[in-house]
Every structure is written in C-alpha cells, then in structure tokens.
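A quick note: this is a predicted structure, and the numbers were derived from the prediction, not measured. Reminder, nothing fancy here: chain letters follow the sequence lines and each chain counts from 1.
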Protein chains: 2
Amino acid sequence: MYLGSWLSRLCRGLSRPIGKTPHPIWGSLSRSLSSQRIPEFSSFVARTNTCGELRSSHLGQEVTLCGWIQYRRQNTFLVLRDCHGLVQIIIPQDESAASVKKILCEAPVESVVKVSGTVISRPPGQENPKMPTGEIEIKVKTAELLNTCKKLPFEIKDFVKKTEALRLQYRYLDLRSFQMQYNLRLRSHMVMKMREYLCNLHGFVDVETPTLFKRTPGGAKEFLVPSREPGKFYSLTQSPQQFKQLLMVGGLDRYFQVARCYRDEGSRPDRQPEFTQIDIEMSFVDQTGIQRLIEGLLQYSWPDDKDPVAIPFPSMTFAEALATYGTDKPDIRFGMKIVDISDVFRNTEIRFLQDVLAKPQGTVKAICVREGAKYLRRQDVELIREFAAHHYSQEVLPIFLNAKRNWSSPFAKFIMEEERLELTRLMEIQEEDMVLLTAGEHEKACSLLGKLRLQCADLLEMRGVVLRDPALFSFLWVVDFPLFLTKEESPTELESAHHPFTAPHPSDIHLLHTEPEKVRGQHYDLVLNGCEVGGGSIRIHDAQLQRYILATLLKG
Amino acid sequence: MYLGSWLSRLCRGLSRPIGKTPHPIWGSLSRSLSSQRIPEFSSFVARTNTCGELRSSHLGQEVTLCGWIQYRRQNTFLVLRDCHGLVQIIIPQDESAASVKKILCEAPVESVVKVSGTVISRPPGQENPKMPTGEIEIKVKTAELLNTCKKLPFEIKDFVKKTEALRLQYRYLDLRSFQMQYNLRLRSHMVMKMREYLCNLHGFVDVETPTLFKRTPGGAKEFLVPSREPGKFYSLTQSPQQFKQLLMVGGLDRYFQVARCYRDEGSRPDRQPEFTQIDIEMSFVDQTGIQRLIEGLLQYSWPDDKDPVAIPFPSMTFAEALATYGTDKPDIRFGMKIVDISDVFRNTEIRFLQDVLAKPQGTVKAICVREGAKYLRRQDVELIREFAAHHYSQEVLPIFLNAKRNWSSPFAKFIMEEERLELTRLMEIQEEDMVLLTAGEHEKACSLLGKLRLQCADLLEMRGVVLRDPALFSFLWVVDFPLFLTKEESPTELESAHHPFTAPHPSDIHLLHTEPEKVRGQHYDLVLNGCEVGGGSIRIHDAQLQRYILATLLKG
C-alpha cells in the first residue's frame, strides 16, 4: 500500500499568515515547536546566545550577540533582532566607549552587528511584559559592524503592509519576518518529527529514488529533460511510484521518502510544478493498518503550539460523502448537509419537480443555509442560480424564511402545507434560514449542492458569520471509492477510478465478474478541512487478478 | 559558510560489497546500526514479529510471520526470510494439517507466505549457533500463500555469483540480498542521525529549495527543462547555492538540506547525473566553527558497527598536501610520501638532473615504494614510465634495491656514493625497496609522483601487500588553498581557484592589492581515504571586498 501526503497542503493550514500576529511571539517559537530538548542555537559560532533567549536567569552573564538592528531610539538604545527574537541594547554614553557608540549610532537600521556586553536588569518600571526578553537589557562593551544596510524597499516590521508582489521580489527580506521564519521552522520541525516517527519508532527505511527517469504513460503531464543522446529524453518523475513497488518486491518491507515530485501542469493556487510528498509504502499491511500508521504519524508530528490531534480520525464512505457533502473531500467543520427531500415532493404540483421525479434516477435535494435569509442578498442568490445554470445546467430554487417564519420563494405558493411541514422537520429549518433546492440525477444534484454549500459558507463568512474555525483541524478518511467508473465517451466501457493497481474491496471480489461497476476499491483519501492532503491504496499483489482487471475489465 | 558533502561517496566506503560477507549477520543489522531504542518493525501489519528477531526469549509465543521461502529440506522444514533475518519453520506432518503442509511443500522457493505458529526450541544438538535465530524454530499451525514465485534468473543467496549486468537487470531481486538491504538501511540511518544532529541538537532548519530554476553560468553543465513557454527553459540546479545565500540574508541563520543536485556531465565511476549532498550554511561562523560542526556531525552519525571516528580530524595545508602527496586529496592511510631530493643532486653528474636543477623552478623529487623491488615487475615500471611520459611529459627513473642492498637502475652508476648515502638517509630506503625519481617544476613533479604513488599502491595490493586498510576511515581537512590561479591560456590573468565568493584568509588580506596570487582562501575540503567527500568556504560578506575581487582582480 502507499500513502502520499502533500506536505505543502498540510503545512499551509498550520502556518501563520503574514500580518495576522499582532504581537510576534519572538523567541517562543523553537520552544513551542519542540517537545524535546532545546537545540544549541549558538554552538560553533561567534555568538554566545541568541537575542531571543535572554531572561532574568542570564543576569550578570557576559554575552556576545549577532543580529540585525531592528530599531534605535535617540542614540540611547537599540533593539537587536535575530531569528530567535529581540533584545534591547544600551548604547554606552561615556567618552571611553566613543567608538562603540559611533558604530551603534551610525549603523542604519537592518545593519548587521556583533556586540558583546553584560546582561543587566531593566530599571524598575521599564520592563516590557510583552517582550520575552523584556526584563533585561544588554550593557554593551564592544561592537563590530558586520555589514551595513542601505535603504530597503520595505521595513522589516510585521505591522508594515507590503504587497505580495513586493514581498516576492524581495523574498530574502520578506523571510526576515516573524511569520516566514515561523513557517519555515514549522515545516522543518514537522518533517523531522515525521522522520523520527517513521525511521526511529517504526523501522521505515528512507530511500532516495531517482527523479530523472522514463516516461510514465497515463498520469499527469511530465517535464521532459533532453539527454546527451539526440532524440532521447529523461522524464522528471511524477512520484516514486514504480521505485517503491520495486523496493517492496525487493523485500524492503517499509519504505518512506520525503519525495520531490514534478508535474508539468502549470501553476494553480494549490499546484506547483514541483512539490513534495511524504511517500510511504509497506508490505503485509491492510487498509486499517495504514490508516492507524498515518494517524499516529500526524499525531506525533503535530506542532505542540496547536491543539493535539485526536485519533482515530472519523471515516466516511465515498457514497456518504457525496450524498451528504456533494464532494469526495468534505469540510466537516460545519454542517449545511445535503438532504434528500424527494419523498416530500412525491405528490408535488410543481411541474419541474414532477418531471424530475418521474425519471428513474430523479431526486430532489436541498441544503439549509442557517441564517441565510438574514445574511444573503438577492444578488448572491442570483449569482448562485447563474452558477448552477452555467456549470451544471441545473435549476436552483431558493426559499427564504423571514423572521416571522413566512416562506418567500418564487415557488412558495406551489408548496403544499404538508410539504412545508415535512421539509421543516426534515431539514430542521428555522427562522431566517434559507433553503436551496435542486432536482436531478443524484450525483449531479449532490455535486452542485456541495459547491453551493462552500459558496454559501464563503458568503456567510464575508458577512462575519464564523462557520469554519481556522484553528480547528478536522481530519477525515474517505473510503470505499468505486474501483471503476464508466467512461464518459463510451458508457459501456470501464476505466479505473484511481489507477488499475488498486485492490478491490475483499467483500466485493465476487462482483468483479458480474457487476464490476459496483466493486469498491481499497483506496482511501485523507481530507483535512475540505482539502485532500493524502491518499493511498492497497495494491493488487495477485498477478492473476491484476491480469484479469487489466486485460478483461479495462481491455488494456 | 557552506559545506556540501557527497552522500554517496561517504556511504560507499561504509557499505558492504556484495558477496564479501561469508556469514550474513541477519538480524543484527538494525541493532548494530542504532544506538537508540529498537524501532517497532511489526507495528500496523499482519505479522507479530520479524523472522530475524526471534530468540529463546520468545519460546512459547504464538507468532505470525510473513516472508520469502529461502529454502526447504525434504518437506520437513523450511527457512523463511524477511529483511530482518531467517527463521526455521517446521512443516506439520500430521493428517489434520494436510492443507498447511500442501501449501508449504508446494510453494516454490522465494514464494511469499504468511505463517502462524508457536516458537519452540530446537531439539538438543540441532541448534545453529551461526544463525541468530538458531536456538528456536516455529511449529506452524496455519499458512497462507500470499504470492507464488516462478523460476528466477538467479537465486537469492549471497554466495551465488551474479554478474553486475544481471544484478542491475533484476534490481528488485538483487535488493533482496543481505548486503543491499544493509547498504540501503545504512544510508537511511546515517542520514537520519545527521538530521537529528543538525535539527534537534544544533537548531538547523531543513529548508527545501526548488530544483527547477534559472541557469547559473560558470558552473557545471546543467540539464535544461523546456517550459510551457516556447523558447524558455528551466535549469535543474547544480546545488542550492543561491537559495541558501538568500536564506542567510533572510536571517535564517542555520540552514541545511539533504539536497538533490543535477549535473549534465555524463556518468563516470564517481559521478552520476543526479546526486545528493548534505548542504549546510551558517551565519556568524568561522572556518574552525564549521570544521568542528562537521566533525561532530560525522562522529554522531557514524554507524555503531564501525570503529568510532576520532575528532578533531587532522588538517593539512594545500601546499603540504601537494608537496607530500602530490594531490589535494591525499590518502593518508599509507606513507610513500614525496621527498624533495634536489639538494642531494646539486653536484650531480647526471645531465638530465643538472638541466632541471639549473632552472629557477627546477626540483628533483622521489617516492620510496617499500618492497617495490620485491613486488613490482619490470613491466610495471615500464608502464609507469610510459604513463609519466604520456600524461606529464616527464622522465621517471626507477632505482631498485635487491636483497643485498645493491642498487639497480639504468643510471645507478652515475649516482655518487655520497648521493646514495644521503638519499638512503633522507628516504629511509631499505632492502628490496624501489625508488621512483623525477625532476621538474615543483607542482608538476609532485602531481606526477602523487599519481604514481597511487598506482604503486594498486600494484602492491594486487600482489597481496595490504597498504590501505578498508576498515580504516582516515578523515583529513585540506585547508589554505590559493584563492586565485593564473589562467593557463593567459598567465598574467587570475581566475578563482574555487569561486569568486570565497573569503580571503584574514592574514592575507593585505596581499590582495600587491600579490593576489599569494592570497590563501578560506576554503576547506574534507578528504576521506583519498576521496573528496565534502568542501566549503567562508563567504565574503563585505560588499566592497567582493566588488574589488570581481571587478579589479577577476575583471568580471
């Protein structure tokens, strides 16, 4: 089996957005990230301590610090910054220290200096409780200007607003911000913990596999790399797929890699041409085993400054995810579930619902947007209806409930009283809610309502309603995917839902010969807050079964 | 500063060559590699234990094992193998277990089976002390054939000889050998320990940098990757050079990466188009600091089944390495040092030496090959002389000492008695030694003799003399490289010996303006047994100095 998890998608949710931290918690970072011993940040170097680590317990110590001048006030003190925090430096005023004073007073902000001095307490009343080093300051004896700074395109202060373009242009300056430092360290720390869990606790072997390889047909578009031999090309690997299968055949048993992968699919908000996945493959394991492994992996590597992850993660079948959330990656942080209300309208007078329900696959579905009547505007609903018509060729009917529980809808008058009561009961409709109703074939109706559910959530959040707590991390397994799909262009033919090597669900093997389209695969996706962060499957290890699927079912 | 270390070169010396282990020490691998707790190798999977871990302490336990049938004898027992070792399985003979017997007797060797049973002791006298599991065997109750094996191109037995080509063709089978398993695990383990040392002990941040980047002029030939935009190309990075410099500017302070690098230089025995280096960059550190860091890194990550690494490593200047070993990467496991014997021949009658010594740069150099007169043949010496003539346009004169201390050489009769005595004293020449003498300009003569030193070592080892103990790991720092070289095609112009960003030695800065060719750089190489396994330098952080070097000295 394998599980690939997209590191960037996982870390993105955990990282700190720029400018969202009112008081940068300088210095607490490494401590809060690590439950283990604190690393020696000043081994082998010219400094004795980091700026951020100094406390009252260091009083009287002679220290040497290296850092960037964060700011200076009235030539009396300055604040020195390194990636561990800020510390206040007193500029000596006596004649004998004139050269030190000159260096520290003349160096522009963001210049890099090395200073040596004594840790002293701040005068009573001048402590800064918001600053981890706020009880102390440094009485400087010597100073050396390591590098001077010219005027920068923006100040290195978290409260200074910068455009994304400017930040990217001066990436090396942007990295000096607290948030970027936090994010880089967070990722490093999480990956390290994952490695500890896999290598040290569970005996996985980290194997580096080549990235210059042969083309793999059938997957994503690959980058080609011309070789020295004219007309011959390497292909940058989409994933270490084939290598890890060979490692299993080679008896390696437990493999993992933090693997660089390449897909030539252009950049999209959640796609980059190169990305990294935690790539795992195990022998002699079943689906439950791999799910417990991954849960343990995430729990172990979860940053200490976040709420711990509860395991096991909830699990949902693909069928349930589709029926309830209209997607295979539901965000379960909020409800607004899809409800099948076909039975409510069995005897409806509304012609359009009648027509749909008369078809064998016809259903009527709805979501109830809590307080939707209060927060959503007519034009929001118009956009929603246009979206449905444009992308799904589906009609969406809105029903608004005003504060007096009156139903307001273009078709409210056609809804019979008993239908209204049954709908209210089924969907737990309350005052000021809005219901979005659609009718059609199950999958299409669910899929549309799944999209509208997210759009409504976006709209409500724009109006200040908190639906999706960004501090909440709701992991979910989605399981029991269909093994095959019918080809769109030729509905009598099958194609693999994921890939032809996924093993069928053990309970469904008998269906392979009779109703293969009903066979579920041993494939599982890991979803976090509505985002697919990993996925994998149990592989077919039976050559005969593999041959049957490839040759007979997929006509490969 | 940075240090890049080539992982494959480092691990190659530590790995086990195939077929060189008379008794595979199955099962002791993970234990000997790790000083920490033993990982759980059977968590999350169908087995309760690995084949290799079972001992007398497991007696009476019900176990489930998964593995490959290594061999079977007379339908009474078989040996099961997994990547942790071998264990003996007793095939049940009673009627009630007929189906289990059938599976275990009919499955061809290398088939994969799952068996459950009880750990029992072997009958007295049948213990196998050469096998870690040799005190016990498994009384099987159930068996399942997971996969059957056809006839393989070679047997998975370490004593079976296979050609390199066959091994590579069936790589996935070759990986089942003890040595390949050991080597893969060794590398995984060493890299994990390096990460622990850097991240957990010393606060380095593991940052993944892109590999699809812009072309870097001046380095190795790069692989180009066509982009979606016609006429535009990515270049696969030769190293994360620029990124890590930006990270330092960004204040990250301590960066490392196990970095994939690409060079389009064709495959050579020690070069591959893609390779991995431990890439490190630190702020506020000097050369000694980085050397101590690397020594600590290697000591910490050194495998427990090897002798520990002694630190600090010895250090040698480039000048000394050249003068004594004729190379910048001396193998110091053996002597055969180059000796300058110019003074011996100041008054020589040998015309060719006279001519050389008459020139201002002329020197006479020699190496003494211990027992060379005993082990080397005339034709060896002929080949050596041809090599010297062909590659260095240099004359090499051999002098053989026979057992009676007679000198035998085409020019022995021209060597005066006092020269002979002085030479014997200087070079500690003994009976049956051979001296190889050359004359010419210092660097060229040293360089040639450095090559001949290695050739003679190869020849002696082919004849059974042990010069270079493969179990010995002699690390050596080579330091004080020249910062500039004169261009071959234009000797009045300078070029960087390594690259133009290396900082000059602090004691030599004054020479930059007067005799720049004498300036030593703060560059250091790490050499292991004559192989360069790492290197780095302190970078110039002074913009003015950098500009002077680029614009004035290098005329860039």
(Q) Within this structure, what is the CZ-OG1 distance for the pair A/Phe284 and B/Thr50, rounded to the nearest 0.5 Å? (A) 11.5 Å
Q | Region of A/Tyr234 that comes under 4.5 Å of a non-hydrogen atom in chain B | A | side chain
Q: Please look at A/Val207 and chain B and tell me whether the side chain, the backbone, both or neither of the residue comes under 4.5 angstrom of a heavy atom of that chain.
A: side chain
Q.
If you compare all heavy atoms of A/Pro39 against all heavy atoms of B/Cys199, which two are closest, and at what distance to 0.1 Å?
A. CG-O, 3.7 Å
**Q.** Residue pair B/Asp206 / A/Met192, side-chain heavy-atom distance below 4.5 Å
**A.** no
Q) Between B/Glu208 and A/Arg260, is the closest basic N to carboxylate O distance under 4.0 Å? A) yes
Q | Interface moiety of A/Lys114 toward chain B, non-hydrogen atoms closer than 4.5 Å | A | neither
Q) Strictly under 6.0 Å, is that where the ring centroids of B/His202 and A/Phe41 end up? A) no
**Q.** Pairing of B/Arg47 and A/Asp253 as salt bridge, 4.0 angstrom limit
**A.** yes
Q) Where on A/Glu229 is there a heavy atom nearer than 4.5 Å to chain B: the side chain, the backbone, both, or neither? A) neither
Q: Measure the CG-CG distance between A/Leu173 and B/Leu246 for me, rounded to the nearest 0.5 Å.
A: 9.5 Å
Q | Separation between CZ of B/Phe223 and CG of A/Leu236, rounded to the nearest 0.5 Å | A | 9.5 Å
Q) Using non-hydrogen atoms only, which part of A/Tyr197 is less than 4.5 Å away from chain B: side chain, backbone, both, or neither? A) side chain
Q | Spacing of B/Arg176 atom CZ and A/Leu252 atom CG [to the nearest 0.5 Å] | A | 12.0 Å
Q.
Let's test your reading of the structure: which of A/Arg292, A/Met248, A/Arg195 forms the most heavy-atom pairs below 4.5 Å with chain B?
A. A/Arg195
Q: Report the distance from atom OH of B/Tyr172 to atom CG of A/Leu247, rounding to the nearest 0.5 Å.
A: 13.5 Å
Q | Which of A/Leu293, A/Val225, A/Val112 touches chain B most, by non-hydrogen pairs under 4.5 Å | A | A/Leu293
Q | Check: A/Asn200 and B/Glu196 side chains under 4.5 Å, non-hydrogen atoms | A | yes
(Q) Between B/Thr211, B/Thr148, B/Leu146, B/Ile156, who has the most heavy-atom pairs with chain A when the cutoff is under 4.5 Å? (A) B/Thr211
Q) Given that the side chain runs from C-beta out, which part of A/Leu224 has a heavy atom under 4.5 Å from chain B: side chain, backbone, both or neither? A) backbone
Q.
Given heavy-atom pairs under 4.5 angstrom as the criterion, report whether the side chain, backbone, both or neither of A/Tyr262 touches chain B.
A. side chain
Q) Just by modelled atom types, is the B/Val205 backbone N or O under 3.5 Å from a matching donor or acceptor in the A/Ser188 side chain? A) no
Q) Counting only N and O atoms by type, is there a donor-acceptor contact under 3.5 Å from the side chain of B/Glu40 to the main-chain atoms of A/Gly203? A) no
Q) Is A/Gln181 reaching over with its side chain to a backbone N or O of B/Gly250, donor-acceptor style, under 3.5 angstrom? A) yes
Q | Side chain A/Glu274, main chain B/Pro210, donor-acceptor under 3.5 Å | A | no
Q. To the nearest 0.5 Å, what is the distance between CG (B/Leu201) and CD1 (A/Ile38)?
A. 13.0 Å
Q | Any side-chain donor near an acceptor of the partner, B/Arg254 and A/Ser42, under 3.5 Å | A | no
Q) Counting only N and O atoms by type, is there a donor-acceptor contact under 3.5 Å from the side chain of B/Asn147 to the main-chain atoms of A/His541? A) yes
Q. Has A/Gln272 got more than 12 heavy atoms of other residues, nucleotides or ligands less than 6.0 Å from its CD?
A. no
Q | B/Arg228 side chain to A/Asp264 backbone, donor-acceptor under 3.5 Å | A | yes
